[in-house]
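Worksheet: the structure to be examined is printed underneath.
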Amino acid sequence: MRNRGIHLFENLNSPVLNCINSATASLSQTRQAHAYILKTGVSNDTHFATKLLSLYANHGCFADANLVLSSIPDPSVFSFSSLIYALTKFNLLGQSLLVFSRMASLGLAPDSRVLPNITKACAGLSSLKSGQQVHGIANVSGFSLDVIVQSSLIHMYVKCGQMDDARKVFDRLPQPDVVACSALVAGYARQGCVEKAHELFNEMRGLGLEPNLVSWNGVIAGFNHSGRHYEAAVMFKKMHLEGFNPDEGSVSSVLPALGDLEMLDTGIQVHGYVIVQGLGQDKCVVTALIDMYAKCACTLELSRVFDEMEDRDIGACNALITGLSRNGLFGNALELFRQFKDQGMELNVVSWTSMIASCSQNGKDIEALELFREMQFEGMKPNSVTIPCILPACANTAALMHGKAAHCFSLRSGISNDVYVGSALVDMYAKCGKIQISRLCFDNIPIKNLVCWNAIMRGYAMHGKVNEAMEIFHMMLKSRQKPDCISFTCILSACSQVGLMDQGWVYFNSMSRDHGIEPKVEHYACMITLMGRAGKLEEAYTMIKQMPFQPDGCVWGALLSSCRVHKNVILGEAAAKKLFKLEPKNPGNYILLSNIYASKAMWAEVDTLRDTMKSMGLRKNPGCSWIEIKNKVHMLLAGDKSHPQMTQIMGKLNKLSMEMKKSGYFPNTDFVLHDVEEQDKEQILCGHSEKLAVVLGLLNTLPGTSLQVIKNLRICDDCHAVIKYISRFEGREIFVRDTNRFHHFKDGVCSCGDYW
DNA sequence: GTAGGGTTAG
């Protein structure tokens, strides 16, 4: 058959057939040749058919290629190999594997051309099982010493995260070449074993192998990904000094590291190198340049690099948006995002995730939740980075249903084991009042890191569950996770929530002695709170005076709040005096001192303070509360009447107020400005946002449903008393999270034991 | 027709 084909081909001398002998035949030439062959009856000739198949496949016409393949009565390994090659090249990896198994089922042994390509397909699919099968077939087919086949297997094992297997393949090679070695170096770097990558890189010359671009770039990228930015920069410099010309890959790996190091001068030099070498057309290089300038706070330069780009790449757009947002230009970033979307730019998951992260980092939680919804509406699937970005927005607004939806999504898409996702879930559930679910999520994280240990401890601290927090702390030490300074902030604040003084001191004293962590100003602030809340104000003041460094606003603030709880004017004034110097524009401090004066009926002082605030143009931060009802987050501002259900809310509140008075409750008007009538004071108290939110919840949920409210300031005494009453009178569990901790109201009592 | 895939989101 084959001979007849060549014979015909030569004799016919047809230009139509001639062209299919060349690998560059166009698709229309291929189709003409196919038609000609069908017409002249040489269609089942293996030689022509294989040529045709290969051309169709290389043009991506796999339906035609398969048709031709099935018309060949006795296909050879060559027919299959060209198809497998093209399918892999077009990234149709699953189909490539199918064709391979079809070939194997015909009893055809693969050759040295099929094996690397099919291995590449397994690598691309991260399909270890298929990869191992191919490895077995390769070895029984006599390719166990073939350096090309074995190099591709190294790459496959690297992609599947099996570094030990990759190393075994490498060690079995009698004469590893530079390709095999570089694959392993790059693999170690990629899998986070940068130490091993660097070591093997240094050994290469001893093995008689000169490191090439792949190995250099692998090590640079490895250092960059492991956060060892300086070493990445050093490698880059060394590479250049040793006469290697860094390429696009080297430049785009080193630039983010230079950005993190804020080595602007070096960054500018690399930019110069990019221009001289003509690497400026590469999309990754441009993106990395934008990122570097953004990290060095050069907003003008980053916009310039973007504007000079010829065709806009989504990666560069994403870097631009993040860069602007990171440098305080959140509004511009959001505007650009909208523009890109309206212009029909194909946004990817990074674009959406970056914008959601920017919102969340800039306090735009509701906007973040809306973007998350919009993203899914547009058919974009969130990933394991999106989820940790959206969860803080759910946590901040107590949007439990949104948070649960994100949790369900993580379970469905198999990313709930990810430690970042897990930690964000722990944090979200804790902040939404569901500490038990938070703990379940924590227990389900298979490989724990410092972040998730700290997250669950912070959760317990927030809920005033000091025993559980201490249990976690000791579990953490037992599992040989070293605590950091945040771990101590969590455990100390847990102690301070319940006034556990002795334990607090034990942890504080152990910091430096047992863990080598010098207490920082925030740890002192915890201790001041701990002592202050317990009424040991003088001791707290002494500790501040003896601190090894200058106390900051947090420390004095801790003392001032304690003075408010214990109505101590003298120390309160001392703390406030310091605070007015340290944070002259923070209205909270003036309000706290004013509250202390008011509680002692020192109205002249209250007036003076109010005048000071007025003359400085300071206003009390408006109280603001959030409650999620039926998937919608409602925001209520103190005294704001704009909520559509406000009439109903006020009606219900008045009714409750009457009931309360009947049972002996009198509104606590201590903290309300004195020069209004008693009745107006009550009205002002009624306008507190947490009360409005609770009542809105009562009105819109079935009896017995628990309520979750978040407040941006600390809960006031009056609201605390009222909500306690509501919890009993209405038979509801009510969770209120203020800036300090959780209050869990049930049957007329609060979990904080009225100590906050 | 064996190795890298670099960059932008936590």
Side-chain angles (χ1 to χ4, degrees), chain A residues 23 54 57-58 81-82 84-86 88-89 111-117 119-120 123-124 143 146-156 158-159 166 170 176-187 189-190 212-222 224-225 232 246-257 259 279 282-292 294-295 302 306 313-323 325-326 347-358 360-361 382-392 418-421 423-424 451:
Chain A
S54 165
N58 283 326
S81 79
S82 54
I84 289 171
Y85 166 69
T88 306
K89 200 173 78 177
D111 62 7
S112 62
R113 294 197 302 176
V114 171
L115 285 168
N117 283 307
T119 312
K120 199 174 175 181
F143 293 98
D146 185 307
V147 73
I148 295 179
V149 171
Q150 298 297 317
S151 290
S152 65
L153 286 166
I154 292 176
H155 178 223
M156 182 276 296
V158 164
K159 278 280 219 176
F170 178 79
D177 66 356
V178 67
V179 173
C181 199
S182 308
L184 199 59
V185 169
R190 187 195 171 99
N212 60 9
L213 266 174
V214 174
S215 22
W216 278 105
N217 290 358
V219 176
I220 295 173
N224 180 35
H225 285 145
D247 71 347
E248 292 89 340
S250 344
V251 168
S252 27
S253 289
V254 80
L255 279 171
L279 308 178
D282 185 278
K283 291 183 165 112
C284 288
V285 168
V286 180
T287 305
L289 275 171
I290 294 173
D291 176 65
M292 183 276 294
K295 286 174 181 160
L302 81 89
F306 182 81
D313 167 61
I314 188 63
C317 294
N318 296 342
L320 177 71
I321 287 171
T322 308
S325 166
R326 201 182 271 167
L347 303 177
N348 60 18
V349 65
V350 179
S351 326
W352 287 96
T353 307
S354 323
M355 204 59 247
I356 290 171
S358 294
S360 181
Q361 287 153 8
N383 65 12
S384 64
V385 181
T386 322
I387 300 301
C389 287
I390 192 65
L391 285 172
D418 182 284
V419 69
Y420 286 102
V421 173
S423 306
V451 176

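As the structure is a prediction and not an experimental result, all values here were calculated from the model. Just so we're on the same page: letters track the sequence lines, and every chain starts at 1.
Side-chain atoms of A:Tyr85 lie closest to B:dG1 of the nucleotides B:dG10, B:dG1, B:dG6. When each of B:dT8, B:dG6, B:dT2 is scored by its nearest atom to the side-chain atoms of A:Asp291, the top-ranked nucleotide is B:dT8. The side chain of A:Val179 sits closest to B:dT2 out of B:dT2, B:dT8, B:dT7.
Side-chain nitrogen and oxygen atoms of A:Asn224 include at least one within less than 4.0 Å of the OP1 or OP2 phosphate oxygen of B:dT7. Between B:dT8 and A:Arg326, no contact under 4.0 Å exists linking OP1 or OP2 to a side-chain N or O. Contact annotation: A:Arg113 does not reach the phosphate of B:dT2 (side-chain N/O to OP1 or OP2, under 4.0 Å). For the pair A:His225 and B:dG5, the criterion of a side-chain N or O lying under 4.0 Å from OP1 or OP2 is not met. An OP1 or OP2 oxygen of B:dA3 is reached within less than 4.0 angstrom by no side-chain nitrogen or oxygen of A:Gln150.
No donor-acceptor contact under 3.5 Å links the side chain of A:Asp247 to the base of B:dG6. Scanning atom types as modelled, one donor and one acceptor separated by under 3.5 angstrom connect the side chain of A:Asn212 and the base of B:dA3. The base of B:dT7 lies close enough to the side chain of A:Thr287 for a donor and an acceptor atom to sit less than 3.5 Å apart.
In this structure, A:Thr353 reaches the bases: a heavy-atom distance under 4.0 Å links it to at least one base atom across the strands shown. Note on A:Asn117: a base of the nucleic acid sits closer than 4.0 angstrom, heavy atoms only. Within 4.0 Å (heavy atoms only), A:Asp418 reaches at least one base atom of the nucleic acid. Here A:Ser358 lies out of heavy-atom contact (under 4.0 Å) with every strand. Residue-level contact check: A:Gly315 touches the bases, meaning some heavy atom is under 4.0 Å from a base atom.
Atom pair A:Leu115:CG and B:dA3:P shows a separation of 13 Å (rounding to whole Å applied). Distance A:Gln361 CD to B:dA9 C1': 9 Å, rounded to the nearest Å. If you take CZ of A:Phe306 and C1' of B:dT7, they are 14 Å apart, rounded to a whole angstrom. Protein atom CG of A:Asp313 is 14 Å distant from nucleotide atom P of B:dG6, rounded to whole Å. Taking atom CG on A:Asp282 and atom C1' on B:dT7, their separation rounds to 9 Å, with Å as the unit. In this entry the distance linking CD1 of A:Ile220 with P of B:dT7 reads 11 Å, nearest Å. Here the P atom of nucleotide B:dT7 and the CG atom of A:Asn217 are 10 Å apart, to the nearest Å. Rounded to an integer number of Å, the gap from A:Arg190 CZ to B:dT7 C1' is 14 Å.
A:Trp352 is linked by a ring-ring contact (aromatic ring centres under 6.0 Å, His included) to A:Phe337, counting only residues two or more places apart in sequence or in another chain. By the side chain to side chain contact (heavy atoms under 4.5 Å, CB included) test, A:Pro382 is found to be paired with A:Phe372, A:Met375, A:Gln376, A:Thr386, A:Ile387, A:Phe409, residues two or more places apart in sequence or in another chain being considered.
Contact check for A:Lys89 versus A:Asn58: side-chain heavy atoms found under the 4.5 Å cut-off. Looking at heavy atoms from C-beta onward, A:Gln361 lies out of side-chain contact with A:Arg326 at the 4.5 angstrom threshold.
No hydrogens or angles considered: nothing links the side chains of A:Ser54 and A:Ser82 as a donor-acceptor pair under 3.5 Å. Between the side chains of A:Asn318 and A:Ser354, no donor N or O sits under 3.5 Å from an acceptor N or O.
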